[in-house]
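Quick notes on the structure that follows.
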There are 2 protein chains.
Amino acid sequence: MPLMSRTPRTWTIAELADEFDVTHRALRHYEQLGLLGPERVGPGGSRRLYHRRDHIRLALILRGRRLGFPLDEIRTIIDMYDDQPGEAGQLRYLLDQIGHRRVDLERRRQDIEQSLAELEDLEQRCRADLDRMA
Amino acid sequence: MPLMSRTPRTWTIAELADEFDVTHRALRHYEQLGLLGPERVGPGGSRRLYHRRDHIRLALILRGRRLGFPLDEIRTIIDMYDDQPGEAGQLRYLLDQIGHRRVDLERRRQDIEQSLAELEDLEQRCRADLDRMA
DNA sequence: CCTTACGTTGACGTTAACGTCAAGACACGG
DNA sequence: CCGTGTCTTGACGTTAACGTCAACGTAAGG
């Protein structure tokens with residue numbers, strides 16, 4: 001009975017695109033911008049092979065996209081997770097970046113909660129109007 | 001002593017652009033897309049005059065922009081607040097749209113909270129690393 | 001009257017994030 | 001051997017959201 005490590009899965013471009021519902025083209029685009037780095041296999045290294053790392057990064061990319069972040073900003077963000085800096089100065093710099101990110105995200109959360117509140121308010125008024133008509 | 005209504009303020013394009021830190025060009029753009037509708041004053045109606053309605057809408061526009069919504073989607077959203085439909089069918093349609101919006105916003109909130117959680121996790125690890133080094 | 005400030009309308013330029021061909025390599029079933 | 005499917009690399013097209021002139025009008029101050 002194995003102790004850890006399930007089948008070390010990999011993906012072809014079609015499988016990955018399928019699973020995340022993005023196009024082949026988009027994956028190539030993310031790669032050109034340095035967001036993904038699939039292995040090259042086959043004759044002359046002509047085919048892309050995606051590993052768990054890419055799978056994880058793609059999920060982060062798409063979440064960032066849903067939140068409206070530009071791709072190059074997304075890259076610097078997810079790179080923060082991958083690179084484990086060993087030097088103190090780098091660590092401090094990273095902590096600083098994290099701080100900025102947090103401020104940004106918390107502001108967005110504020111915006112969203114405001115929007116939701118106003119939306120629910122509008123909803124109440126609509127329901128009231130409907131009730132009055134019935 | 002007046003009962004209500006403070007000075008019914010209006011804005012020139014420069015004042016509005018200044019207050020919200022956007023460009024004259026952006027305001028014209030929003031107008032072309034139907035997001036703003038300033039009054040026209042001066043000789044031959046050659047100058048724009050923005051009222052409270054535009055002021056409010058602009059705030060909503062910018063919040064939508066911060067959240068990454070496309071401008072035409074923002075327009076349909078803020079139009080929901082302005083148009084008070086009197087007919088039952090329209091009201092039901094509006095309630096339906098509100099539902100969609102809510103789903104969207106709640107998903108975004110989820111994304112953001114996930115991001116924040118991971119960020120704080122990373123922050124902890126960084127601080128731990130720093131402490132270990134000191 | 002001349003400059004300066006503020007405003008106007010085109011109209012073309014730019015960036016981001018892909019979409020959309022075109023043309024070709026490689027493997028496999030029939 | 002031939003078509004079908006999957007993949008590759010260019011390379012050009014597209015949309016959104018403005019930026020950036022250019023050219024002009026008007027009002028105010030000196």
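Residue numbers start from 1 in every chain, and the chains themselves are labelled A, B, ... in the order their sequence lines are given, proteins ahead of strands.
- Each of B:Arg63, B:Arg101, B:Arg108 was evaluated against A:Ser115; a single residue qualifies, B:Arg63, per the side chain to side chain donor-acceptor pair (under 3.5 Å) test.
- Looking at A:Arg75, its side chain does come within 3.5 Å of a backbone N or O of A:Leu33 through a donor-acceptor pair.
- Other residues, nucleotides and ligands contribute only 12 or fewer heavy atoms inside 6.0 Å of the CG atom of B:Asp21.
- For the pair A:Leu33 and B:Glu15, nearest-nucleotide mapping onto DNA chain C gives the more 5' position to B:Glu15.
- Positionally, the nearest nucleotide of DNA chain C for B:Ala14 lies more toward the 5' end than for the other of A:Pro43 and B:Ala14.
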Could you list, one pair per line, each protein nitrogen or oxygen that sits under 3.5 Å from a nitrogen or oxygen of nucleotides 10-13 of chain D, together with the distance?
from	atom 1	to	atom 2	distance (Å)
D:dG10	N7	A:Arg28	NH2	3.4

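- Between the B:Asp54 side chain and the B:Gly37 main chain, a donor and an acceptor come within less than 3.5 Å of each other.
- B:Tyr30 does not carry B:Arg25 over the face of its six-membered ring by the limits of under 6.0 Å from the centre and within 45° of the normal.
- For DNA chain D, the neighbouring residues in residues 67-76 of chain B, judged by any heavy atom under 4.0 Å, are B:Pro70, B:Leu71.
- In the hydrophobic clustering of ILVMFWY residues, with side-chain heavy atoms under 4.5 Å counting as a link, B:Met80 and B:Leu105 come out together.
- Atom-to-atom, CG of A:Leu16 to P of D:dC7 comes out at 11 Å; the value is rounded to the nearest Å.
- Only one option out of B:Ile98, B:Asp104, B:Asp96 pairs with B:His100 in a side chain to side chain contact (heavy atoms under 4.5 Å, CB included); it is B:Asp96.
- Atom-to-atom, CD1 of A:Ile13 to P of D:dG5 comes out at 19 Å; the value is rounded to the nearest Å.
- Comparing D:dT8, D:dC18, D:dG25 against the side chain of B:Arg47 picks out D:dG25 as the nearest.
- Close to D:dC7, at under 4.0 Å from its OP1 or OP2, lies a side-chain N or O of A:Thr12.
- Phosphate proximity of C:dC18 to A:Arg65: present, with a side-chain N or O under 4.0 Å from OP1 or OP2.
- In this structure, B:Leu35 places its CG atom 13 Å from C1' of D:dC18, rounding to the nearest Å.
- Panel note: side chain A:Arg57, backbone A:Leu35; a donor-acceptor pair is recorded below 3.5 Å.
- Atom CD of A:Glu31 and atom C1' of C:dA17 are 16 Å apart (whole Å).
- Between A:Trp11 atom CH2 and D:dC7 atom P there is a gap of 15 Å when expressed in whole angstrom units.
- No more than 12 heavy atoms of other residues, nucleotides or ligands shown are found within 6.0 angstrom of OH on A:Tyr93.
- When each of B:His29 and A:Leu49 is assigned the nucleotide of DNA chain D with its nearest heavy atom, A:Leu49 is the one assigned upstream, toward the 5' end.
- Summarising the geometry, the separation between CG on B:Asp21 and C1' on D:dC18 is reported as 15 Å, rounded to the nearest angstrom.
- In this structure, A:Tyr30 does not reach the C:dA17 phosphate: none of its side-chain N or O atoms is under 4.0 Å from OP1 or OP2.
- When rounded to the nearest whole Å, the span between OH of A:Tyr50 and C1' of D:dC7 equals 11 Å.
- Closest approach to the A:Thr23 side chain among C:dG19, D:dT8, D:dA17 is made by C:dG19 (side chain taken as heavy atoms from C-beta onward).
- The main-chain N or O of B:Thr12 is found under 3.5 Å from a side-chain atom of B:Glu15 such that the two form a donor-acceptor pair.
- In this structure, A:Gln32 places its CD atom 14 Å from C1' of C:dG19, rounding to the nearest Å.
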